[in-house]
Amino acid sequence: MPASSPLPNPLIAAMSAYAPGEQPQGEGWVKLNTNENPYPPSAQVVQALQEAVGVKSANFRLYPSPDSAPVREAVSHLHGLPASQVVVGNGSDDILNLLIRAYAGPGRAVGMLDPSYSLYTVLAAAQGAPLVKVPLQADGSWSAEAIAQSGATVFFLTNPNAPLGFVFAASQVALLAERFAGLLVVDEAYADFAGVDCVALVKSHPNVVVTRTLSKAYALAGLRVGYALCPVGVAEILHRVRDSYNLDRLAQVAAVAALQDKTWLKVTVGKVCATRSLVGQRLQSLGWKVNPAAGNFIFAEPRSRTREPSLATAADAFEFLRARKILVRRFPHHPLTATGLRISVGTEAEMQAFLAAAEAWSQG
Ligand code: PMP
């Protein structure tokens, strides 16, 4: 028997895994840390799933559609793009991974705004791709020139930005797409809450890809569905590196039903956005500094009678909330995020509980 286990690929040995938000065990938590939808999915989704596990369960012995054809059709219908321009993934994280595997690598850098979604860093490291970070300023601005000059082969623009919450106008993104020579991926995980999107740019610009997820607005984080809207040539490349059956039968059934129920989407997104603006106003009245919020979360700097915003103040507020079983998210490793908390928008009742605790902390 060998004395030790074989060494892994050095790239993998050197990298760290993505750190997902805490999934607390036990009952009674107000979970505002991973930007899930606080409402259950559409009744049409539940009905379609019940049928799939009931009368149609014999189908489980069969592989699902390899390229998620029914989901691609539903996406095509929703956005007015041919299904040949749609690639479906096991969550949009799968799509981001496919993009980096297919377009980045040694000598082919991945670019991102900093701060934004930290998964890009992890995926780039796994492929041995250099990483270039272009700063996002405290006021939500960034330099198209810096991105154009970044040398990145593929650049991820998270729009709305996570975790800071800013949204960038499609016209601004279009100007960037015209200056940037590489593949511009607009990660629209939160676009349904923003009222702004860049889908039209996929039709007008040959280097633009838009990624979407059903985890947030459609309340299906547990079933893992995301998709890319992209030029046909990009879709063909992504299909090459995709797992042959990357979406299981249940996820495909749920996704089709979800994408068809536009009324549910409108009502649910409307409720989340209404709660978001109420909570933002209340936090401001407590003296917290609240960023413009375009996603289903609010980024805010806690401030109390006795404490100015700082890393320690944010940590104190976080622990105060956590002790009351209210879980939010901290990002202590970047100066623009270290002094704040990212608070997912929950139900009205959850947000009342959060606001009561935030008020108690602010008066302390
Ligand atoms: N992009 C961004 C900016 C996100 O915040 C998330 C959720 N963590 C994702 C993509 C991935 O979402 P999912 O894999 O659940 O579709």
Side-chain angles (χ1 to χ4, degrees), residues 17-23 31-38 41 68 71 75 86-101 110-124 133 136 140 142 154-168 173 184-194 196-198 209-230 238 242-243 246-248 251-252 254-255 258-259 272 291 293-299 327-331 334 336-337 341-345:
Y18 174 73
E22 183 182 347
Q23 297 292 347
K31 190 171 177 305
L32 309 175
N33 68 330
T34 46
N35 296 345
E36 288 138 334
N37 194 316
S68 302
V71 185
V75 171
V86 181
V87 178
V88 179
N90 190 242
S92 60
D93 283 349
D94 183 24
I95 297 288
L96 302 174
N97 191 19
L98 298 180
L99 285 162
I100 290 184
R101 278 170 64 194
V110 170
M112 61 188 278
L113 284 185
D114 186 32
S116 67
Y117 187 30
S118 63
L119 182 73
Y120 313 133
T121 324
V122 175
L123 299 176
K133 292 182 171 180
L136 175 64
W142 41 268
V154 47
F155 194 93
F156 290 89
L157 189 77
T158 319
N159 192 24
N161 175 266
L164 289 177
F166 299 110
V167 68
F168 314 122
V173 181
L184 178 62
V185 180
V186 189
D187 179 342
E188 293 195 347
Y190 301 102
D192 293 291
F193 304 98
V196 167
D197 71 62
C198 293
V209 174
V210 164
T211 63
R212 289 285 182 102
T213 179
L214 273 66
S215 298
K216 313 294 179 184
Y218 290 90
L220 288 177
L223 289 183
R224 315 300 302 125
V225 186
Y227 57 89
L229 303 170
C230 50
L238 297 184
R242 190 175 55 67
D243 283 355
N246 61 337
L247 219 70
D248 67 54
Q252 293 195 30
L259 291 162
V272 170
N291 271 16
N296 64 342
F297 57 89
I298 294 173
F299 191 86
L327 198 55
V328 298
R329 190 89 177 254
R330 286 183 66 214
F331 297 89
H334 189 283
L336 285 187
T337 57
L341 301 176
R342 191 195 68 186
I343 305 137
S344 307
V345 176

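This chain uses plain numbering: 1 for the first residue, then up along the sequence. For ligands, and for the atoms within them, numbers begin at 1 and follow the listed sequence. These numbers come from a predicted model, not from an experiment.
Counting the atoms of ligand 1 from 1 in the order shown, those under 4.0 Å from a heavy atom of G91 are 14 (O), 16 (O). Residue S215 approaches ligand 1 through these ligand atoms, each under 4.0 Å from one of its heavy atoms: 13 (P), 15 (O), 16 (O). Listed by number with element, the atoms of ligand 1 under 4.0 angstrom from any heavy atom of K216 are 7 (C), 8 (N). Close contacts of ligand 1 with T158, meaning ligand atoms under 4.0 Å from a residue heavy atom, involve 3 (C).
For D248 and R224, the salt-bridge test fails: no basic side-chain N is under 4.0 Å from an acidic carboxylate O.
Nearest approach of I343 to V328, heavy atoms of both residues: CG1-CG1, 3.9 Å.
Under 4.0 angstrom from ligand 1, the non-hydrogen atoms of S92 come from both its backbone and its side chain. The proximity of D93 to ligand 1, defined as any non-hydrogen pair under 4.0 Å, involves the side chain as well as the backbone.
What sits closest to atom 14 (O) of ligand 1 on the protein, heavy atoms only, is R224 NH2, 2.8 Å. Atom 1 (N) of ligand 1 has its closest protein heavy atom at D187 OD2, 2.7 Å. If you check which protein heavy atom lies closest to atom 5 (O) of ligand 1, you get Y190 OH, 2.7 Å.
For the pair V167/N161, no side-chain contact is recorded, criterion being any heavy-atom separation below 4.5 Å from C-beta on. Between Q23 and K31, the closest side-chain pair of non-hydrogen atoms falls below 4.5 Å.
Using cut-offs of 30° and 60° on the angle between ring planes, the pair Y117 and Y18 is perpendicular.
Using a 4.0 Å heavy-atom cutoff, G226 is absent from the residues neighbouring ligand 1.
Between Y190 and F297, the ring center distance clears the sub-6.0 Å criterion.
Distance alone, capped at 3.5 Å, places no donor-acceptor pair between the N159 side chain and the E188 backbone.
When only interatomic distances are considered, the shortest N/O to N/O separation between Y117 and ligand 1 falls below 3.5 Å. In terms of N/O distances under 3.5 Å, ligand 1 is not approached by Y18.
Side chains of Y227 and S68: a donor-acceptor N/O pair is absent below 3.5 angstrom, by distance only.
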